[in-house]
Amino acid sequence: MLRRTVTTLQGKSKDNRLEVHHIVFRSQQGSDEETNLLTLCKTCHDGLHAGTITLKHPGKKKGSLRHATQMNSIRIQLLKCIEAEETFGFITKEHRLLAGLPKEHVFDATMIATRGIAPIFRTSTVLSKRCVADGDYQQTKGVRSEQRMNTGKIRGFRKFDKVHYEGKDYFIKGRMSTGYALLMDISGNKVDLKPIPKFEKMKRVSARSSWIMRQKPTPSFSSSPT
């Protein structure tokens with residue numbers, strides 16, 4: 001950076017305090033590359049941002065990378081920084097099929113962790129977890145957001161409460177002031193129940209928290225390769 005130093009733009013400043021200046025401002029998507037940086041004395045730097053001094057040096061904006069390109073760059077840097085072994089989806093799928101496991105995220109993760117070795121399961125249940133917001137982002141409804149939504153309890157129930165209804169556990173997706181509720185699974189998918197469940201026919205298992213959890217049996221699988 002010192003090779004690209006302009007200690008004074010006015011010719012009279014005796015300021016020895018040096019600062020790095022982005023030729024194309026960062027607020028205007030300026031790059032952090034050396035071609036967009038200059039070292040200026042503080043007096044001139046303040047003058048540039050105040051608009052009393054102008055700079056004719058060409059700058060450079062940030063390059064526009066697609067998300068896939070950015071993630072690939074991050075992946076390469078991570079592999080350089082930590083001891084890790086890279087794998088791919090088609091490899092994981094082949095290992096899962098050889099182990100006779102069904103298509104589930106939990107089994108894909110298992111085959112990655114065991115590096116393709118057939119796992120021995122010491123549990124018959126899987127704990128599913130999903131993070132939810134502490135509060136409700138949607139506060140109003142209507143064409144002009146003129147109707148304020150009730151984010152508190154309705155008949156003792158809140159959104160994301162875990163409830164027991166007709167022998168199964170669900171989570172509350174939506175509530176109606178008339179005493180009805182829309183239920184969902186842990187993935188957020190609405191469960192189509194007829195008739196629409198009533199609050200009076202369900203029991204709250206646990207109150208809403210930042211995590212919703214459900215324990216379910218491990219999906220069945222064959223012991224021999226398929």
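Bear in mind the structure is a predicted one, so any value in this text is a computation, not a measurement.
The aromatic rings of F157 and F199 sit parallel to each other, their planes meeting at less than 30°, with 60° as the upper class boundary. Classified by interplanar angle (parallel below 30°, tilted 30° to 60°, perpendicular above 60°), the ring pair H49/H21 is perpendicular.
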Stepwise side chain to side chain contact (heavy atoms under 4.5 Å, CB included) check, D192 with K194: CA-CA 7 Å; D192 191 16; K194 299 289 181 66; 3.6 Å; yes
Stepwise side chain to side chain contact (heavy atoms under 4.5 Å, CB included) test for L18 and L40: CA-CA 5 Å; L18 300 180; L40 304 176; over 6 Å; no
Side chain to side chain contact (heavy atoms under 4.5 Å, CB included) evaluation trace for F90 with K93: CA-CA 5 Å; F90 70 91; K93 178 182 179 181; 5.5 Å; no
Derivation of the side-chain hydrogen bond (donor to acceptor under 3.5 Å, both in side chains) call for H164 and D169: CA-CA 4 Å; H164 190 75; D169 290 340; 2.7 Å; yes
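Note that OG1 of T178 is 9.0 Å distant from NZ of K198, once rounded to the nearest 0.5 Å. Atom-to-atom distance recorded for L182:CG and I172:CD1 is 10.0 Å, nearest 0.5 angstrom. Atom NZ of residue K80 and atom CG of residue L78 lie 11.5 Å apart, to the nearest 0.5 angstrom. Distance check: R17 CZ to C44 SG gives 11.5 Å after rounding to the nearest 0.5 Å. To the nearest 0.5 Å, atoms CZ (R155) and CD (E200) are separated by 7.5 Å. Atoms OG and CZ, from S206 and R214 in turn, are 12.0 Å apart once rounded to the nearest 0.5 Å.
Cluster annotation: M202 is connected to I154 through the hydrophobic network of ILVMFWY side chains, with a link wherever side-chain heavy atoms come within less than 4.5 Å. Cluster membership for F121 and V126, using ILVMFWY side-chain heavy atoms within less than 4.5 angstrom, is shared. Hydrophobic clustering, with ILVMFWY side chains joined whenever heavy atoms are under 4.5 angstrom apart, keeps V24 apart from L38.
No salt bridge links D161 with R208; every basic N to acidic carboxylate O contact stays at or beyond 4.0 Å.
Taking the side chain as every heavy atom from C-beta outward, R26 and D32 approach each other to under 4.5 Å. Between L101 and P119 there is a side-chain heavy-atom pair separated by less than 4.5 Å. Taking 4.5 Å as the limit, some side-chain heavy atom of L37 sits within range of a side-chain heavy atom of H22. Using a 4.5 Å heavy-atom cutoff, the side chains of P102 and F107 are in contact. Using a 4.5 Å heavy-atom threshold, the side chains of L127 and M213 count as touching. Side-chain atoms of I186 and Y170, non-hydrogen and from C-beta on, never get closer than 4.5 Å to each other. You'll find the side chain of E86 reaches within 4.5 Å of the side chain of L79, heavy atoms only. Contact of the L193 side chain with the Y165 side chain is registered, since non-hydrogen atoms from C-beta on lie closer than 4.5 Å.
Counting all heavy atoms, side chain and backbone alike, P197 lies closest to L183 at CG-CD1, 3.9 Å. The minimum heavy-atom distance linking V106 with T110 is given by the pair O-OG1, 2.7 Å. R130 approaches G188 most closely through the heavy-atom pair NH1-CA, 3.4 Å. Contact detail for I23 and T35: the closest heavy-atom pair is CD1-O, 3.9 Å. Between R158 and K153, the closest heavy-atom pair is CG-CG, 3.4 Å. Minimum heavy-atom separation, T114 to I117: OG1-O, 2.9 Å.
More than 12 heavy atoms of other residues, nucleotides or ligands sit less than 6.0 Å from atom CZ of R75. Heavy atoms of other residues, nucleotides or ligands lying less than 6.0 angstrom from CZ of R204 number more than 12.
Looking at T92, its side chain does come within 3.5 Å of a backbone N or O of F88 through a donor-acceptor pair. Of the possible donor and acceptor atoms, one in the side chain of T123 sits under 3.5 Å from a partner among the backbone N and O of T125. No side-chain donor-acceptor contact under 3.5 Å links N36 to the backbone of G30.
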